[in-house]
Each structure stands twice: as C-alpha cells, then as structure tokens.
Amino acid sequence: MILQRAFYERDVITVSKDLLGKLLVNESLEGKTSGKIVEIEAYCGPEDRAAHSFGGRRTARNEVMFGPKGHAYVYFIYGMYYCFNVTAGNVAGKPEAALIRALESLEGKDIMSNRRGATHEKAVTLTNGPGKLCMAMGISKVQNCADLIMPPFYIMDAPTVLPENIVETERIGIDYAREWRNKPWRFYIKGNASISAK
DNA sequence: TGCACGATTCTCT
DNA sequence: GAGAATCGTGCAA
C-alpha cells in the first residue's frame, strides 16, 4: 500500500526514521524501478543553517517545501547531479524535508545500470549516494513537486525498521553549516551494504 | 548583469 | 586524498 498524506504530516525527524526500509518506486516509460530506502537525512526548516529554507528563505527553487507534505523536492547540484527530498513536517507551511541519500536497488536493476552507464554494473554502487540514486531511478527536475502518494512516482509502505537497527549520526557535505553540521540528523540502517558512507 | 559556490561523484595519483 | 567536471541559483551591485 502507498504511504498516505498523514504519514508525512508528522515531525520531520520521525518521518525520516520511519522512511527507512520503505520502498521508493518510479514507473517510468522505460520500465519500473524500485529500491528500499536505507539512508536519509532530516533538514529542519528555518532554524537549520544547513537547510535551503534557512531563515525562512523562500525562492522559486524551494517553493515546494512550503506546500503540502509528501511531495518531491528535487534540486540540481554541482552542475551535474540531482538530489531527491520528501517534504514533511508537523507544521503546515513550515519548509522542512528529508533527503534520501541511499537506496538498496530491488526492481529494474538493468534499467538502473543503463541509466548509470556501463562502468557501473555492480548493484550496490548503483544507488549508494544521493546523486547516484536519482540517476538510477530516473529522477530529475521533471519529478520536482510530484505528489508521492500516487503513481507513477510514490513510496510504498514496508515494515518499520526497529530503533536498535537505526544508526544516528551527523549529516554529510554541509561543513558550511557551522554548529548545525554536527546535529545527529542522518539515519541509516545498521549493517546495510548500500549506505553512502560509514 | 555578474559571479561565487554547492545537501556530489568520478578519476587519477 | 586531491582535483576536476559543470551550471542553476541566490545575492550583491
């Protein structure tokens, strides 16, 4: 069953942890690809210096974070990669989101290999990073603002990962965020081979 | 209108 | 472990 709106209308950190183990699915023209979410980071709105919405900044790019929860926030980074976020939060209109950092590929691995290029045929490296999983799943700015509670692009429910199997650590790639850099808002499934970094 | 830089990844040393 | 690739975005001017 597809996760419904209420799932995302909760505290963004709770939503981030609960999204671990869930299945991201994209039914594209090339075929269906899916993967289990194994790594995620929470970005906590205006007070979080690492978030695009820090200070309440509202622009054309991050506009979707101010809208309904459970939508896709996809942005272009470093001139060549996309990052995929899910909007979430227990306060309507507050710009918060969770960054999906890694998947464990399930369906459509051949399609993922094609999208990632011939030099990346090993299953694990297809989706063990935010830019990589977007490439493998066929996510681009086309999916920006997409509603994730209905096909063709959605997240399926799956058994919740137990707290003892969730590792909490500091986020990656946000050295500029000063004191917020060390917040333990990155979560991943303990022992999973598909996470992006230790 | 211009310009510095990023929630990354890959290659080469 | 360092450096390149590569461009939309945000903010200063």
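Residue numbering restarts at 1 for every chain, and letters A, B, ... go by the order of the sequence lines.
As a whole-Å value, the separation of A:Tyr73 OH from C:dG8 P is 15 Å. A:Trp180 has its CH2 atom 16 Å from the P atom of B:dA7, to the nearest Å. In this structure, A:Lys141 places its NZ atom 11 Å from P of C:dC7, rounding to the nearest Å. When the P atom of B:dT8 is taken as reference, atom CG of A:Asn128 falls 13 Å away, rounded to whole Å. Taking atom CD1 on A:Ile172 and atom C1' on B:dT9, their separation rounds to 13 Å, with Å as the unit. At whole-Å resolution of the value, CG in A:Asn62 and P in C:dT9 are 11 Å apart. Atom OH of A:Tyr82 and atom P of C:dT9 are 9 Å apart (whole Å). When rounded to the nearest whole Å, the span between CZ of A:Arg58 and P of C:dG10 equals 13 Å.
Of the candidates B:dC10, B:dT9, B:dA7, B:dC10 carries the atom nearest the A:Arg116 side chain, counting heavy atoms from C-beta on. Counting only heavy atoms from C-beta on, A:Ile77 has its side chain closest to B:dA7 among C:dG10, C:dG8, B:dA7. Residue A:Lys132 has its side chain nearest to B:dC10 when only B:dC10, C:dG10, B:dT8 are considered. Counting only heavy atoms from C-beta on, A:Cys83 has its side chain closest to B:dT8 among B:dT8, C:dC7, B:dC10. In this structure, the nucleotide among C:dG8, B:dG6, C:dG10 sitting nearest to the side chain of A:Tyr176 is B:dG6.
Separating the P atom of B:dA7 from that of C:dG1 is a span of 23 Å, rounded to the nearest Å. Comparing C:dG3 with B:dC5, their C1' atoms are spaced 16 Å from each other, to the whole Å.
A salt bridge is absent between A:Arg181 and A:Glu170: the closest approach of a Lys/Arg side-chain nitrogen to an acidic carboxylate oxygen does not fall below 4.0 angstrom. The pair A:Glu63-A:Arg58 meets the salt-bridge criterion, with a side-chain N (NZ, NE, NH1 or NH2) lying under 4.0 Å from an Asp/Glu carboxylate O. Between A:Glu41 and A:Arg101 there is a salt bridge, since a side-chain N of the basic residue sits under 4.0 Å from a carboxylate O of the acidic one.
In this structure, A:Ile174 reaches the sugar-phosphate backbone alone: every heavy-atom distance under 4.0 Å involves primed, P, OP1 or OP2 atoms, never a base. Here A:Arg171 lies out of heavy-atom contact (under 4.0 Å) with every strand.
Nucleotide C:dT6 has no partner under the Watson-Crick or G-U criteria, as no pair reaches both atom distances under 3.5 Å.
Aromatic stacking of A:Tyr75 on B:dA7: not satisfied for centres closer than 5.5 Å together with planes under 30 degrees.
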Polar atoms only, N or O, under 3.5 Å: list the protein pairs with nucleotides 3-6 of chain C and their distances.
unit_1: C:dT6; atom_1: O2; unit_2: A:Tyr78; atom_2: O; d: 2.5

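The side-chain tip of A:Arg57 does not point at the ring of A:Phe54 from less than 6.0 angstrom away and within 45° of straight on.
When all heavy atoms are compared, the tightest approach of A:Asn26 to A:Met137 is ND2-O, 2.8 Å. Taking both residues in full, the closest heavy atoms of A:Ile174 and A:Trp180 are given as CD1-O, 4.3 Å, listed atom of the first, atom of the second, then distance.
Between A:Tyr73 and A:His52, the angle of the ring planes goes over 60°, which puts this pair in the perpendicular group of the 30/60° scheme.
Side-chain N/O atoms of A:Arg101 include none lying less than 4.0 angstrom from OP1 or OP2 on B:dA7. Within the structure, a side-chain polar atom (N or O) of A:Thr59 is placed less than 4.0 Å from OP1 or OP2 of C:dG10. Between A:Arg186 and B:dA7 there is no side-chain polar atom (N or O) within less than 4.0 angstrom of OP1 or OP2.
A 4.5 Å side-chain heavy-atom check between A:Arg171 and A:Lys183 finds at least one atom pair inside the cut-off.
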